S.K.: 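Dropping the structure in here first, questions after.
Protein chains get the first letters and strands the later ones, always in sequence-line order, with residue 1 at the start of each. As the structure is a prediction and not an experimental result, all values here were calculated from the model.
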Amino acid sequence: MTNSEPNQAIIQARDVEKWFGNFAALKGVSADIQEGEVVVVLGPSGSGKSTFIRCINQLEEHEVGTIIVDGIEINDDSRNLQKIRSEVGMVFQQFNLFPHLSVLDNVALAPRKVKKMPKAEAEELAMAGLTRVGIPEQAEKFPTQLSGGQQQRVAIARALAMQPKIMLFDEPTSALDPEMIKEVLDVMRELAESGMTMIVVTHEMGFAKEVADRFLFFAEGLIVEEGTPDHFFNNPQEERTKLFLSQIL
Amino acid sequence: MAETPQPRASLLARIQHGYRESDASAQLFKTKTHTVITIISAITAIWVLVTLTNWMFNAEWQVILDKRRPFLVGKFPADQMWRIWPGVWIFGALLGLSSGLWMRPGKNTAITIAAGIAILSFLLVELDSTAINLALILLLALAGYVVAVRAQDSPSVRSLISRVTVATWVLLIPFMIILLFVGDAPPTSYWGGIFVNVMLAAIAIVVGTPVAVFLSLGRSLDGYPAIRIASTAFIEVVRGAPLIAWLFMGRFVLPFILPSWFGMNEADVIFRTMIVLILFNAAYTAEVIRGGLQAIPKGQYEAADSLGLGYFQTLRAISLPQAFRAVLPSLINQYIGLFKDTTLVYLISVVDVLEVGRKAFNELDYTGTALEVLVFVGFIFWLVTFSMSAISRRVEANMGLGSR
Ligand SMILES: Nc1ncnc2c1ncn2[C@@H]1O[C@H](COP(=O)(O)OP(=O)(O)O)[C@@H](O)[C@H]1O
Ligand SMILES: [Mg+2]
């Protein structure tokens, strides 16, 4: 199934366009992301960052262009969609934990339902995941009983429980109180070091500088500049990039 | 939620605590106005209480005693009662088991049990099989409760008991229906009393609610306009006419439009009433459930999608559980209304508990007992509906953790 050859990008996006009515949120985005790469997506609000990463796991359906994830092309075949979604994990700004399930059940749900894993095995996996994000002792609680930082770590554990090859993060710390941002970034840093392929939309420039292999800079539905952190901090080319960086640094 | 600060404290301590917390004495006599209102209310309350007690002790309760079997089951033959009692025993045991397993009983449970015992001791004045069977139900409920509470200490026993309990709940109505029809059963025209009200409401709820789920999903299905229009049309048409109209329709028109498969067109009036009540309840319940589904944030579906859950998996594990939690009070409200509406079946000549009462106080022997009969029937309805709302409030309190 996964016919990815060596050195072939794990995500290949070609000329992707996304239209909301007659408004183009993405106007022809192309990007290759290599296995194990950590890519940070930057750009002003409304520039299409969320739309781009949501196209990768098809929370948004693109109208034009192709997206190939781990050798599987996104098309109308719903089996491909299922396959892609079980290989791509996603972490949201608002956590989106399931409030009626315990923390443990939140994490164990997808392995049980999607991978048909036996209950005991799924719970063991979930406990391992919770240990990895540093909150095994919260397993029996409900999401609303946790702090924002803890909730976001549960959300990361939940996505990791499907053992994805790629993780998407859409502003994972933007809804958090400042004192909780670090605990979430620490988990993400550990994940990056473990070799996970990650696309992260974030405004945490310290974290981005340290962890990212590459930056993509979005403006008005296009990638207007890309390069290493070094390139961005020391030698940005585009006026819009310079303006944006001057505003958030 | 936190109505009992120390769950293990003695009742007296809790009452004292509650009194101090509510600061009742200070509130009742806070200002002159407060004091006047308090005194007037107290006098009124005492007057009502005295009048009621006075009436209760002078009333003619003989009619209730004489007619207790018809009140329960209409003219269902005495030698056929084995078709009814086992289901009711199981129901009692299940109530006990469930409250022991999933709910810590509060004061409403106590009120309901006390009221049950009051009726019972009254009926026990004359010992016969009805009274003994009723006593048995209470006993079974109590036994179930004790067993369930005892089982709390051992997780494996507890999970076994809860599995058995859930399975038995699911099988209860089919079991009762089989018993009611197996072999040489009395025709449904013999059904009557509170048994008919409870049976009709229970079936309309148990069968109508899944139908309602499909209707509510159908109504919000974007990709399939045919299904959406059909669901919407059904709901709006059913809600467009009063229940009585539909009952008459079921009684007089349904036989002509039903196809003749399995003799459906010749089915009796109880069966047709059941169909009407199921569909009527489904239409209203569908709207309640739809409200719950609409309240679920979009992020929940996005999270489920991103994890690779399919449409039906998301429904079963994410959206329906949250929708039902959100609308539980309105749902119970709908069910209580439906239960009381089952008294309308007397219009299509089904002898329900209210009609049994009406027939009784029209008998020559019992002239002038209308008030006694109506108070008794009203009390029975209150007992059932109050239990329903007490149970739902307990369930809500227990779910509180997960839903906020
Ligand atoms: N569901 C939608 N319907 C209509 N417009 C949308 C929708 N989602 C996003 N947009 C628009 O698309 C543009 C890009 O949005 P988004 O990708 O969320 O930006 P970013 O994440 O960079 O802030 C914005 O102008 C936004 O208003
Ligand atoms: Mg965004």
S.K.: May I ask you to list the residues in residues 309-319 of chain B that approach chain A closer than 4.5 angstrom, counting heavy atoms only, ordered by number?
M.R.: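 Contacts with chain A: B/Leu309, B/Gly310, B/Gln313, B/Arg316, B/Ala317, B/Ile318.
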S.K.: For chain B, which residues of residues 105-113 of chain A have at least one non-hydrogen atom nearer than 4.5 Å to it?
M.R.: A/Leu109, A/Ala110, A/Lys113
S.K.: Using a cut-off of under 4.5 Å on heavy-atom pairs, state which of A/Met90, A/Arg158, A/Lys115 scores highest against chain B.
M.R.: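 The answer is A/Arg158.
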S.K.: Can you confirm whether B/Pro321 sits close enough to A/Phe98 that some side-chain heavy atom of one is under 4.5 Å from a side-chain heavy atom of the other?
M.R.: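 Not in contact.
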S.K.: Under 4.5 Å heavy-atom distance to chain B, tell me which part of A/Gln94 shows up: side chain, backbone, both or neither.
M.R.: neither
S.K.: Please report the interatomic distance CZ(A/Arg85) to CG(B/Leu307), rounded to the nearest 0.5 Å.
M.R.: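 A/Arg85 atom CZ to B/Leu307 atom CG measures 10.0 Å (nearest 0.5 Å).
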S.K.: Enumerate by number any residue of residues 48-66 of chain A whose heavy atoms lie under 4.5 Å from heavy atoms of chain B; in the absence of such residues, state 'none'.
M.R.: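 Residues A/Arg54, A/Asn57, A/Leu59 are the ones that qualify, each having a heavy atom under 4.5 Å from chain B.
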S.K.: Residues two or more places apart in sequence or in another chain: which of them pass salt bridge (Lys or Arg N to Asp or Glu O under 4.0 Å) with A/Glu204?
M.R.: none
S.K.: Counting only heavy atoms not in B/Phe91, do more than 12 fall under 6.0 Å of its CZ?
M.R.: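 For B/Phe91, atom CZ is not crowded (no more than 12 foreign heavy atoms under 6.0 Å).
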S.K.: If you count heavy-atom pairs under 4.5 Å between each of A/Val88, A/Leu97, A/Leu81, A/Leu168 and chain B, which one has the most?
M.R.: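 Top count of heavy-atom pairs under 4.5 Å with chain B: A/Leu97.
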S.K.: Answer yes or no: are there more than 12 heavy-atom neighbours, outside A/Asp76 itself, under 6.0 Å from its atom CG?
M.R.: no
S.K.: Does CD belonging to A/Glu190 count more than 12 external heavy atoms closer than 6.0 Å?
M.R.: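 Buried by this count: over 12 neighbours within 6.0 Å.
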S.K.: Rounded to the nearest 0.5 Å, what's the gap from CD on B/Gln300 to NE2 on A/His100? Could you check?
M.R.: 7.5 Å
S.K.: Indicate the atoms forming the closest heavy-atom contact of A/Phe92 with B/Ala303, along with that distance.
M.R.: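 For A/Phe92 and B/Ala303, the tightest heavy-atom pair comes out as CE1-CA, 3.8 Å.
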S.K.: Counting only heavy atoms not in A/Arg14, do more than 12 sit closer than 6.0 Å to its CZ atom?
M.R.: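 Buried by this count: over 12 neighbours within 6.0 Å.
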